[in-house]
Amino acid sequence: MPADIPELTYHQGTVKINGNISVPYAYWDERSKTFRAHGLYYKNIISYLKESSIEYKDSVPNPVSCPELKHLYKDNIQLRDYQQDAISSWIQNNYQGVIVLPTGSGKTFIGVDAIAYCNTPVIVIVPTIDLMEQWRSILSKAFSIEIGALGGGKKDIQPITVSTYDSAYIHAEKIGNRFNFIVFDEVHHLPAEGYRTIAEMFIAPYRMGLTATYEREDGLHKELNRLVGGKVFEQELSSLSGKHLSPYRIEKITVALKDEEKKEYKRNHSIFTDYLKKKNISMKSPGDFQKLVIRSGSDPEARKALLARNRAREIAFNSSAKVEKLRDILKKHIHDFVFIFTEHNQLVYRISDEFLIPPITYKTTTRERNLILEKFKSGTYNAIVTSKVLDEGIDVPEASVGIILSGTGSKREYIQRLGRILRKQKGKEAVLYEIVSAETSEINTSKRRKPAQ
DNA sequence: TTGACTCAACATCCTTTGCTACAA
DNA sequence: TTGTAGGTTTCCATGTTGAGTCA
């Protein structure tokens, strides 16, 4: 091989092109005096060099030594038709893209099957340590080999490794060339400013994203096209409801604020709206709101307006009438398993005290949380009150009744909460109650969170 | 090993109605 | 004519997690 043949190497999350040639996606790096590109574009660069018949030496991949996964795979999971279709669509899209399926529809099994199919070193990225342990448990049963872990104090790289987003972010520049396949569970987290560098630093040409909630409120899900390959398969909740998931109905209940609360709400709300009017500020998107927050750093009036708006929201979200309505609903479902969701922890603890229902918030220790969930599963408890902790990332027992006392306008949060009551239960219709304070901005918040029908 | 703590990162955030300047 | 963006640049509060440190 002639000495002047360009060589590609991996360095700190990038592909370095040693030899003075320019390739697509590469930029000139003055410090190393070479062209380099994000690891993400490794596949494109190789394709370009091959298509252009340019000779090169490839020293980029350094894969973890891997046994024949397809032979180890205990193929005892019978994939459902839509799961099979999801994998086919992903394969047709050159082993890249995001699969969108409702909570409880078996996304993990799709990932496991794809890992066996690709038969190559793989890293699975998950948002929480709880999920990391769930994946590791499923994977070790499916392949009977040791499953690596990165995160939660563990640093053990194996042909199949599961990592948290945080740890993958920290170690990406060192291990980004060690896997050919990367699976992002709960992939809607990936476009966040920090986490996206994981996708940029890994060279893995095979990429799969799994989520129940593709869209982000900040619109950054568009980045998933570049980072993972865009949406390749989606199955609506409605098409699985009744067959693979419980049938369900949604009941929206509007309650009036008490006179005192109403007065206090109006007073605070007008401080906010008066300020907007006075400054001629329009409020149409989260971006507009963000501008107001920035403004509040230097404008005391803006700060006062924001605090008043927060107080008004607090009144609407935590009204006494909601608690009374909750009492009625709980009486009606005395023999059912119930999750109660709120926006603020203050209300969680108030309900817990008043109705003697165990609370779970981020302040609850892991041990206590597991104990509560275990007792809920065994039937000792039939209700849990929580704010947002159980929205995602924790394996939660089945329930058939959900009560949203308050929440944000996030579609994701709404879908995740609905998902908590839809795991298939024979002959059982799930019901989601949404309780909203009348004549408050919560009416709009509630409208925003509903996914398009 | 466990627990308590701090820190950084992530997520949400949305009124009532017009005005101006500029781009397509 | 119609459509659309519009004040930048450390950022109100609340909830949540993982990583890291230290006792």
Side-chain angles (χ1 to χ4, degrees), chain A residues 125-132 149-155 163-171 186 188-198 213 215-221 268-314 317-318 341-348 360-369 386-394 406-414 416 440-449:
Chain A
I125 319 284
V126 300
T128 64
I129 291 171
D130 256 53
L131 274 176
M132 185 172 97
L150 195 58
K154 299 189 177 97
K155 196 182 169 191
S163 167
T164 61
Y165 276 86
D166 287 84
S167 287
Y169 170 66
I170 290 165
H171 300 290
E186 310 288 1
H188 49 269
H189 290 285
L190 188 66
E193 202 184 332
Y195 291 160
R196 75 173 62 172
T197 56
I198 302 169
T213 52
E215 284 179 15
R216 292 168 58 99
E217 295 305 310
D218 58 11
L220 283 180
H221 50 271
N268 282 284
H269 192 63
S270 14
I271 294 174
F272 180 57
T273 51
D274 288 353
Y275 177 81
L276 294 182
K277 248 185 240 165
K278 189 173 155 194
K279 299 287 178 182
N280 198 20
I281 296 171
S282 69
M283 197 59 68
K284 285 174 182 157
S285 68
D288 294 329
F289 188 81
Q290 190 58 27
K291 280 178 199 159
L292 184 63
V293 171
I294 291 168
R295 196 170 183 157
S296 72
S298 56
D299 177 356
E301 253 194 291
R303 186 181 144 80
K304 198 176 150 199
L306 272 178
L307 292 179
R309 168 251 173 210
N310 289 347
R311 174 68 190 133
R313 246 164 63 103
E314 200 183 317
F317 281 178
N318 305 321
F341 302 102
T342 76
E343 174 68 8
H344 293 133
N345 287 333
Q346 187 197 350
L347 185 59
V348 169
I360 296 181
T361 69
Y362 74 96
K363 291 175 185 161
T364 315
T365 61
T366 311
R367 187 194 287 172
E368 199 184 342
R369 180 192 296 175
T386 181
S387 44
K388 306 169 170 208
V389 191
L390 302 187
D391 285 356
E392 174 190 301
I394 296 168
S406 51
T408 66
S410 159
K411 290 181 181 65
R412 184 201 308 181
E413 181 184 86
Y414 182 80
Q416 282 167 339
T440 68
S441 63
E442 200 184 12
I443 300 284
N444 279 334
T445 307
S446 158
K447 273 184 202 156
R448 276 206 310 277
R449 62 183 164 231

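All of these numbers come straight from a predicted model, not from anything done at the bench. Proteins come first, then strands; the chains are lettered A, B, ... in the order of their sequence lines, and each starts at number 1.
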| Tell me: CD1 of Ile294(A) to P of dA13(C), nearest whole Å? | 15 Å

| query | Mind checking who dT1(B) pairs with, Watson-Crick or G-U wobble, both distances under 3.5 Å? | reply | none

| Expressed as a whole number of Å, how far does the P atom of dA13(C) sit from that of dT16(B)? | 23 Å

| Rounded distance (Å) that lies between atom P of dT9(C) and atom CD of Gln290(A) | 11 Å

| query | For Glu442(A) and dC13(B), what is the distance between atoms CD and C1' respectively, to the nearest whole Å? | reply | 15 Å

| field | Arg412(A) (side chain) donor-acceptor with Arg216(A) (main chain) under 3.5 angstrom | value | no

| field | Aromatic ring pairing Tyr165(A)/Tyr195(A), orientation class (parallel under 30°, perpendicular over 60°, tilted between) | value | tilted

| task | Whole angstrom is fine here: how far is it from CG in Leu220(A) over to P in dC10(B)? | result | 11 Å

| Beyond-backbone contact of Tyr169(A) with Ile125(A), side-chain heavy atoms, under 4.5 angstrom | no

| Nucleotide nearest Arg313(A) when distance is taken to its side chain, options dC13(B), dT16(B), dC10(B) | dC13(B)

| task | Output the single nucleotide from dC14(B), dA13(C), dT16(B) whose closest atom is nearest the side chain of Asn310(A). | result | dA13(C)

| query | Between dA9(B) atom P and Ile198(A) atom CD1, what is the distance in whole Å? | reply | 13 Å

| message | Do Lys388(A) and Glu343(A) make a side-chain contact, defined as non-hydrogen atoms from C-beta onward lying under 4.5 Å apart? | response | yes

| query | Quick one: does Glu413(A)'s side chain have a donor or acceptor within less than 3.5 Å of a partner on Thr408(A)'s backbone? | reply | yes

| remark: When rounded to whole Å, the CZ to P distance for the pair Arg311(A) and dC13(B) reads 19 Å

| Rounded distance (Å) that lies between atom C1' of dT8(C) and atom CG of Leu292(A) | 15 Å

| Sugar-phosphate, base or nothing in reach of Arg367(A), heavy atoms under 4.0 Å | sugar-phosphate

| task | Flag the pair Ile170(A) / Leu150(A) as yes when at least one side-chain heavy-atom distance between them is below 4.5 Å, and no otherwise. | result | no

| query | Where each residue is assigned the nucleotide of DNA chain B containing its nearest heavy atom, which of Thr365(A) and Gly194(A) is assigned the position nearer the 5′ end? | reply | Thr365(A)

| Who are the side chain to side chain donor-acceptor pair (under 3.5 Å) partners of Ser446(A), not counting sequence neighbours? | Lys252(A), Glu434(A), Lys450(A)

| Ionic contact status for Arg313(A) with Glu442(A), cut-off 4.0 Å | no

| How would nucleotides 15-23 of chain C be written as a contact map, 5' to 3', with B for base contact, S for sugar-phosphate-only contact and - for no contact, using protein heavy atoms under 4.0 Å? | SBBSS----

| query | Within the structure, does a side-chain N or O atom of His189(A) lie under 4.0 Å from either OP1 or OP2 of dA9(B)? | reply | no

| field | Of the listed nucleotides dG7(C), dA11(B), dC12(C), the one nearest the side chain of Arg295(A) | value | dG7(C)

| said: Applying a 4.0 Å non-hydrogen cut-off, can you work out what Glu217(A) is touching in the nucleic acid: base, sugar-phosphate, or nothing? | reply: sugar-phosphate

| task | Respond yes when some side-chain nitrogen or oxygen of Arg449(A) is under 4.0 Å from OP1 or OP2 of dT12(B), and no when none is. | result | no

| With respect to the phosphate group of dT12(B), does any side-chain polar atom (N or O) of Arg448(A) fall under 4.0 Å of OP1 or OP2? | no

| remark: By nearest-heavy-atom nucleotide on DNA chain B, the more 5' of Thr408(A) and Glu193(A) is Glu193(A)

| Out of dC14(B), dT12(B), dG7(C), which has the shortest distance to the side chain of Ser410(A)? | dT12(B)

| Between P of dA13(C) and CZ of Phe317(A), the distance in whole Å | 17 Å

| message | Using atom C1' in both nucleotides, what's the gap between dG18(B) and dT8(C) to the nearest angstrom? | response | 25 Å

| request: Could you tell me whether a side-chain N or O of Thr364(A) sits under 3.5 Å from a main-chain N or O of Arg369(A), the two making a donor and an acceptor? | output: no

| message | Measuring only the C1' atom in each nucleotide, how far is dA21(B) from dG7(C)? A whole number of Å is fine. | response | 15 Å

| task | Select base, sugar-phosphate, or nothing to describe what Tyr195(A) touches, counting heavy atoms under 4.0 Å on all strands. | result | sugar-phosphate

| said: Roughly how many Å apart are dC14(B) and dG15(C), using the P atom of each and rounding to a whole number? | reply: 16 Å

